[in-house]
Engineer: 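One structure, as C-alpha cells, below. Some questions next.
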Amino acid sequence: MSQEKRVELIKQLLEEKQELTTRDIMSEFGVSQDTARRDIVLLSRRGEVKRTHGGILPLDFGNKVPNFQSRLSRFTKQKTKIALEAANYFQAHHVYFVDASTILLKTCQNINLPMTIITHSLDNCTALAEENKVTVKVLSGILDHQNRFFYSTAAISELDNIALDTAFIAASGIDEHGIYLLNQEDAEIVGKAVERARRVILVAEHHKFINNSYYSICSPEKISVFITDKVLSERERAIFPESTKIQLAGELD
C-alpha cells in the first residue's frame, strides 16, 4: 500500500476513533514503527492532524462527537461487506432485534423476508418500511436527534416481554472486558436486547479493538457470531470464547 493511500485511511480511522497512537497505526496497517512515525510526521506537516506524544488527534479534538449522519457519510467498502454478510443470517419467520448503526442500516436495506424486526433506530424503521414482507416494531421513547434512536424506560420494559431469536448489535469498542457503545442510553437498550436473545451477532470493523468507549453492552462470552473485516490476532481471538464463530465479511464458509 502506498503512503498516500495509507495516510488517507489513517485520517478516516482517526475521524472515527478521535485518537490514534503509533502502535495503533502499526497494528491496523501492519507497518513498522518507523513507517508509522513517517506517516504521522507527514500528516502533521500538512496541518491535517494534531501531533501528540506517541500519536495523533483530530484538529477539532474535543469540540465534537461524530453523529450518525456524519458516520453514514463516511461509509466504507468494508462496512458494506460486513452489512451484506449480516444479511445472510436472517431467516424467515424469526424475531430479531436490530441495533442502531450505519452497518446495520445497510443490512436492513438488503433484507425482505417475512419476519419481525424490533428496533429503536429511526433509520432502520424507515429502511424497513420499504420492505412490505417485514413486520416492524419500533421501541417507544424520545428521539435522540444526533444519534437517531429512541430511548425510554418503557422501551426497556417492552423488551422484557419479547423473546428474540437473534439480536444484531454493533460496537464502538471491543476489549477483553466487554462490547461497548459511546452512548449510555443506547447501551442500556442494546444490553437488554442481548439479555432477551437466544443468539447474539456482533458486526464491527477490526479497528473497534481500539477501545475508547465507556458503556458496556455485554461481555464477549455473549457473542455467538462476530462478523468483521480482518483476520483477528491471537490476542483478539482470545477475547471471545471458542464457541464464538468469527466470520470474515465476504468469506465463504
Side-chain angles (χ1 to χ4, degrees), residues 68 72 75 79-141 143 148-171 179 181 186-205 217-229 240-253:
F68 186 93
L72 191 61
F75 205 87
K79 287 185 176 181
T80 298
K81 289 181 179 179
I82 295 170
L84 296 179
E85 191 71 55
N88 293 329
Y89 283 84
F90 285 82
Q91 300 178 43
H93 311 299
H94 282 216
V95 178
Y96 298 100
F97 172 84
V98 181
D99 193 1
S101 84
T102 55
I103 290 177
L104 290 172
L105 170 59
K106 177 68 74 173
T107 300
C108 287
Q109 292 169 340
N110 285 275
I111 54 176
N112 188 20
L113 294 170
M115 65 177 74
T116 297
I117 290 181
I118 294 106
T119 186
H120 63 320
S121 163
L122 173 63
D123 296 282
N124 288 354
C125 180
T126 301
L128 293 166
E130 303 298 320
E131 311 299 346
N132 57 20
K133 292 182 181 178
V134 180
T135 299
V136 184
K137 174 175 174 51
V138 184
L139 296 174
S140 61
L143 178 65
R148 301 175 69 83
F149 67 82
F150 296 96
Y151 173 80
S152 69
T153 54
I156 303 295
S157 298
E158 290 170 24
L159 284 168
D160 267 327
N161 297 317
I162 301 172
L164 299 164
D165 290 300
T166 305
F168 284 83
I169 68 171
I179 313 301
L181 289 173
D186 194 12
E188 287 178 6
I189 289 179
V190 178
K192 176 57 68 174
V194 167
E195 290 179 16
R196 301 298 302 160
R198 299 183 181 94
R199 183 169 72 157
V200 180
I201 296 180
L202 170 65
V203 299
E205 293 166 284
I217 304 169
C218 64
S219 69
E221 285 73 23
K222 290 282 189 180
I223 305 303
S224 309
V225 181
F226 176 28
I227 305 174
T228 189
D229 58 332
F240 300 92
E242 291 184 6
S243 58
T244 300
K245 176 183 178 182
I246 308 300
Q247 178 69 56
L248 294 186
E251 180 186 63
L252 296 175
D253 288 327

Engineer: Do Asn124 and Val138 come close enough that some side-chain heavy atom pair is under 4.5 Å?
Structural biologist: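 No, side chains not in contact.
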Engineer: Can you name the nearest heavy-atom pair linking Ser121 to Ala100, along with the distance?
Structural biologist: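 Smallest interatomic distance, heavy atoms only, reads CB-CB, 3.6 Å.
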Engineer: Looking at side-chain heavy atoms only, is the closest gap between Asp99 and His120 below 4.5 Å?
Structural biologist: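 The answer is yes, as the side chains (C-beta and beyond) meet within the 4.5 Å cut-off.
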Engineer: Please walk me through it: do Ile162 and Lys137 pass side chain to side chain contact (heavy atoms under 4.5 Å, CB included)?
Structural biologist: CA-CA 11 Å; Ile162 301 172; Lys137 174 175 174 51; 4.2 Å; yes
Engineer: Quickly, which of Leu202, Ile82, Thr107 forms a side chain to side chain contact (heavy atoms under 4.5 Å, CB included) with Ile227? Name it, please.
Structural biologist: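 The single option meeting the side chain to side chain contact (heavy atoms under 4.5 Å, CB included) with Ile227 is Ile82.
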Engineer: If you round to the nearest 0.5 Å, how far is CD of Glu85 from CG of Asp229?
Structural biologist: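 It is 11.5 Å, given to the nearest 0.5 Å.
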Engineer: Quick check: closest heavy atoms across Ser140 and Ser152, and the distance to 0.1 Å?
Structural biologist: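 Ser140 and Ser152 have their closest heavy atoms at O-OG, 2.9 Å.
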Engineer: To check you understand the geometry: which heavy-atom pair defines the closest contact between Ala171 and Leu181, and what is its length?
Structural biologist: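 Closest approach of Ala171 to Leu181: CA-CD2, 4.0 Å.
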Engineer: Between the main-chain N or O of Ser224 and the side-chain N or O of Arg199, is there a donor-acceptor pair closer than 3.5 Å?
Structural biologist: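 Checking the backbone N and O of Ser224 against the side chain of Arg199, no donor-acceptor pair under 3.5 Å is found.
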Engineer: Evaluate Val200 against Ile179 for side chain to side chain contact (heavy atoms under 4.5 Å, CB included), listing each step before the verdict.
Structural biologist: CA-CA 12 Å; Val200 180; Ile179 313 301; over 6 Å; no
Engineer: Any chance you could measure Phe149, atom CZ, to Leu143, atom CG, to the nearest 0.5 Å?
Structural biologist: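 Between Phe149 CZ and Leu143 CG, I get 9.0 Å after rounding to 0.5 Å.
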Engineer: Tell me whether Thr228 contacts the main-chain N or O of Ala204 through its side chain, where contact means a donor paired with an acceptor under 3.5 Å.
Structural biologist: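 Checking the backbone N and O of Ala204 against the side chain of Thr228, a donor-acceptor pair under 3.5 Å is found.
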Engineer: For Glu188, enumerate each residue passing the side-chain contact (heavy atoms from CB on, under 4.5 Å) test, keeping only those at least two apart in sequence or located in another chain.
Structural biologist: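 side-chain contact (heavy atoms from CB on, under 4.5 Å) check on Glu188 returns Tyr151, Ile156, Gln184.
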Engineer: Which residues pass the side-chain hydrogen bond (donor to acceptor under 3.5 Å, both in side chains) test with Asp160, sequence neighbours left out?
Structural biologist: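 Once residues adjacent in sequence are excluded, the partners of Asp160 under the side-chain hydrogen bond (donor to acceptor under 3.5 Å, both in side chains) criterion are Lys192.
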Engineer: Does a side-chain heavy-atom distance below 4.5 Å link Val98 with Cys108?
Structural biologist: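 Side chain of Val98 against side chain of Cys108, heavy atoms only: contact under 4.5 Å found.
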Engineer: side-chain hydrogen bond (donor to acceptor under 3.5 Å, both in side chains) with Asn88: which residues, sequence neighbours excluded?
Structural biologist: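 Partners of Asn88 by the side-chain hydrogen bond (donor to acceptor under 3.5 Å, both in side chains) criterion come out as none, since no residue qualifies.
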Engineer: Could you go step by step and tell me if Leu128 and Ile111 meet the side chain to side chain contact (heavy atoms under 4.5 Å, CB included) rule?
Structural biologist: CA-CA 8 Å; Leu128 293 166; Ile111 54 176; 4.2 Å; yes
Engineer: Once rounded to the nearest 0.5 Å, what's the spacing between atom CD1 of Ile103 and atom CD1 of Ile169?
Structural biologist: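 If we round to the nearest 0.5 Å, Ile103:CD1 and Ile169:CD1 are 12.0 Å apart.
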Engineer: Any idea which heavy atoms bring Leu104 and Ala170 closest together, and the distance?
Structural biologist: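 Shortest heavy-atom separation between Leu104 and Ala170 comes out as CD1-N, 4.2 Å.
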Engineer: Side chains of Lys106 and Lys79: does their closest heavy-atom pair fall under 4.5 Å?
Structural biologist: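 The answer is no, as the side chains (C-beta and beyond) never meet within the 4.5 Å cut-off.
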Engineer: How long is the span from the CD atom in Glu195 to the CD1 atom in Ile217, to the nearest 0.5 Å?
Structural biologist: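 Answer rounded to 0.5 Å: 12.0 Å.
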Engineer: Rounded at 0.5 Å granularity, tell me how far CD1 in Ile118 sits from CZ in Phe97.
Structural biologist: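 Interatomic distance, Ile118 CD1 to Phe97 CZ, rounded to 0.5 Å: 9.0 Å.
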Engineer: With side chains defined as the heavy atoms from C-beta onward, is the minimum distance between Tyr89 and Val225 less than 4.5 Å?
Structural biologist: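 Side chain of Tyr89 against side chain of Val225, heavy atoms only: contact under 4.5 Å found.
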Engineer: Any non-hydrogen side-chain atom of Phe150 less than 4.5 Å from a side-chain atom of Ile189?
Structural biologist: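 SC-SC contact between Phe150 and Ile189 ruled out.
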Engineer: Taking all heavy atoms of Met115 and all of His94, pick out the closest pair and write down the distance.
Structural biologist: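 The answer is CB-O, 3.5 Å.
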Engineer: List the atom of Cys218, the atom of Ile223, and the distance in Å for their closest heavy-atom pair.
Structural biologist: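 It is SG-CD1, 4.1 Å.
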Engineer: Is the backbone N or O of Lys133 less than 3.5 Å from a side-chain atom of Asn112, with the two atoms forming a donor-acceptor pair by type?
Structural biologist: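 Yes: the side chain of Asn112 pairs with the backbone of Lys133.
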Engineer: What residues, two or more places apart in sequence or in another chain, satisfy ring-ring contact (aromatic ring centres under 6.0 Å, His included) together with Phe90?
Structural biologist: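 Residues passing ring-ring contact (aromatic ring centres under 6.0 Å, His included) with Phe90: Tyr96, Phe168.
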Engineer: Test side chain to side chain contact (heavy atoms under 4.5 Å, CB included) on Leu105 and Thr126 and set out the steps.
Structural biologist: CA-CA 9 Å; Leu105 170 59; Thr126 301; over 6 Å; no
Engineer: Taking atom CD of Gln109 and atom CD of Glu130, what is their separation to the nearest 0.5 Å?
Structural biologist: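 So the gap between those two atoms works out to 9.5 Å.
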Engineer: Using the side-chain contact (heavy atoms from CB on, under 4.5 Å) criterion, which residues pair with Ser157? Sequence neighbours excluded.
Structural biologist: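 So Ser157 forms no side-chain contact (heavy atoms from CB on, under 4.5 Å) with any residue.
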Engineer: According to salt bridge (charged side-chain N to carboxylate O under 4.0 Å, His left out), who are the partners of Arg198, at least two apart in sequence or on a separate chain?
Structural biologist: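 Listed in chain order: Asp165.
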